[in-house]
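Since the structure is predicted, the reported quantities are computational estimates derived from the model, not experimental observations.
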Amino acid sequence: MIYLDHNATTPLDERVLEAMLPFLKTYYGNPSSLYRHGRLVRSAIDTAREQVAALVGVSAVQIIFTSGGTEANNLALATLTEPSKLAVSAIEHPSIIEPALHLKNQGHELAMINVDSNGLITQDAINQLIQYSPKLVSMMLANNETGVIQPIAHYAEQLKAKHITVHTDAVQALGKIPVLFDSLNVDLMTLSSHKIYGAKGCGALVVGRGITINPMLRGGGQEQNLRAGTENVAAIVAFGKAAELAKIELVERNERLLTLRTLLEQHTLTIPHLTIFAQDAPRLSNTVLFGIDGIDGEMLVMKLDKKGMAVSSGSACASGGNTPSYVLLAMGIDAKQAKTAVRVSLGIHNTATEIVDFVEQLRQFGQV
Ligand code: PLP
């Protein structure tokens, strides 16, 4: 298989697997137990917390481990207790959009932040946001479909000056660009392990100093009383190791991905009627979202699958229907063109040969 869907999930790094295996087998103790076997496991969690904290430049106490990015996003929005104003960008992951809509149904006021044709939040939108004066704003650092990177640090600084709490979903940015919590000027930040070659089912919410979190899960003292439940030890250890590797290899990985993406774009752009969405915006070095006029994205994905190539369509396939991507619609792209979208998201194990093979196949299927 040629796997080109790393924004969906990444394979587990061999070194990460090695690190987590003992915690599935030998060290099975409960980290809350007081005896040695438990303390040893507790200390592995502490190490993982340090490793994740180091990747984003915070102290370990600021990391709340969760079951993934989805839970961390929900937890970030759950900081709103009494009815208040909330704003989220129109291109957020469903794990922000849906809890935000739920809050609206519960009596909070919700504003959507629009993006321009490149998928970028504009300064005008931020100015309007400041006028609106919400309690909490959520804007993602990098988009999972287009790879577009927002100037979060710049915008968050302005919002914070107005005492607006800022959350960013950094799930797709982590491990691909430097993600330093303090430099981003945000108060809350979401991370996920399985996008950085860690295991599935583990993530974290990074919490700024002085920010109060309202726990969603109660009934245990874990994670500073903010996330009850016996820890997913092996997955947390894996997250720590994946974070350590991502920190060490960040520059090298990014350069490699950029070389592959350049090769991919140079080749695909010679295919007639092919458009790369958000091509002119700053984008993650691993992501290319494109469409070929007149060719349905989902159909193309299925055809490529038959040839052993895994890519994703831009549509909401999780819901089963061939609905156009709301991210592309928010960028002002019409529904017909949005339905052509196919996402290629590269990973550190991809090779130039795979890219060339993929483009060759695409060229054959891409005949209108
Ligand atoms: N946020 C973004 C931008 C994502 O791309 C994803 C996963 O696709 C998530 C959040 C959810 O993360 P998880 O799969 O760890 O729940």
Modelled atom types, side-chain donor and acceptor of T190 and N73, under 3.5 Å: yes

Under 3.5 Å side-chain donor-acceptor pair for Q158 and Q123: yes

Residue pair R227 / T66: nearest heavy atoms and the distance that separates them: NE-CA, 4.1 Å

L120 reachable from F277 in the ILVMFWY side-chain graph, under 4.5 Å edges: no

Atom pair CG/CD1 of N74 and I96 - distance to nearest 0.5 Å: 7.5 Å

Q337 CD: over 12 foreign heavy atoms closer than 6.0 Å: yes

From CG (D187) to NZ (K160), nearest 0.5 Å: 4.5 Å

CA sep, side-chain torsions, deciding dist, call: F358, L264, side chain to side chain contact (heavy atoms under 4.5 Å, CB included): CA-CA 9 Å; F358 170 74; L264 174 67; 3.8 Å; yes

Salt bridge (charged side-chain N to carboxylate O under 4.0 Å, His left out) evaluation trace for K339 with E298: CA-CA 8 Å; K339 280 190 183 185; E298 257 184 28; over 6 Å; no

Steps toward ring-ring contact (aromatic ring centres under 6.0 Å, His included) verdict (Y28, H37): CA-CA 8 Å; Y28 52 78; H37 198 55; 4.8 Å; yes

Side-chain H-bond candidate by donor/acceptor type, K200 with T9, under 3.5 Å: yes

Atom NZ of K307: over 12 foreign heavy atoms under 6.0 Å: no

Residues E92 and S89: side-chain donor-acceptor under 3.5 angstrom: yes

Distance in Å, D116 CG paired with M331 CE, rounded so as to fall on 0.5 Å steps: 8.0 Å

Identified side-chain contact (heavy atoms from CB on, under 4.5 Å) counterpart of Y197 within the set R253, E249, R15: R253

Neighbour count >12 (heavy atoms, 6.0 Å) for atom CD, Q131: no

M302 atom CE, over 12 foreign heavy atoms within 6.0 Å: no

L263 CG to L258 CG distance, which is reported to the nearest 0.5 Å: 11.5 Å

Distance-minimising heavy-atom pair for E223 and I63: OE1-O, 3.7 Å

same_hphob_cluster(L191, M20) at 4.5 Å side-chain heavy-atom cutoff: no

From CD1 (I292) to OG1 (T275), nearest 0.5 Å: 9.5 Å

More than 12 heavy atoms from other groups under 6.0 Å of CE on M299: no

Cluster check L269, L300: I/L/V/M/F/W/Y, side chain < 4.5 angstrom: yes

Heavy-atom pair of closest approach, residues T168 and M139: OG1-O, 2.6 Å

M189-V148 co-clustered via ILVMFWY side chain contacts under 4.5 Å: no

Between Y132 and E109: side-chain donor-acceptor atoms closer than 3.5 Å: yes

Spatial distance of atom CD1 (I45) from atom CZ (F239) [nearest 0.5 Å]: 13.5 Å

Salt bridge (charged side-chain N to carboxylate O under 4.0 Å, His left out) between E18 and K241, worked out: CA-CA 10 Å; E18 283 299 306; K241 185 67 186 175; over 6 Å; no

Option from V311, V288, T146, N144 for which side-chain contact (heavy atoms from CB on, under 4.5 Å) with R343 holds: N144

Side chain to side chain contact (heavy atoms under 4.5 Å, CB included) between I276 and L289, worked out: CA-CA 6 Å; I276 295 177; L289 184 69; over 6 Å; no

Over 12 foreign heavy atoms within 6.0 Å of NZ, K303: no

T270 versus R363, side-chain donor and acceptor atoms under 3.5 Å: yes

Donor + acceptor pair across side chains of N7, T287 (<3.5 Å): yes

Any side-chain donor near an acceptor of the partner, E265 and T268, under 3.5 Å: no

S345 and N286: side chain donor to acceptor below 3.5 Å: no

Joint cluster assignment, V233 & V16, ILVMFWY side-chain distance < 4.5 Å: no

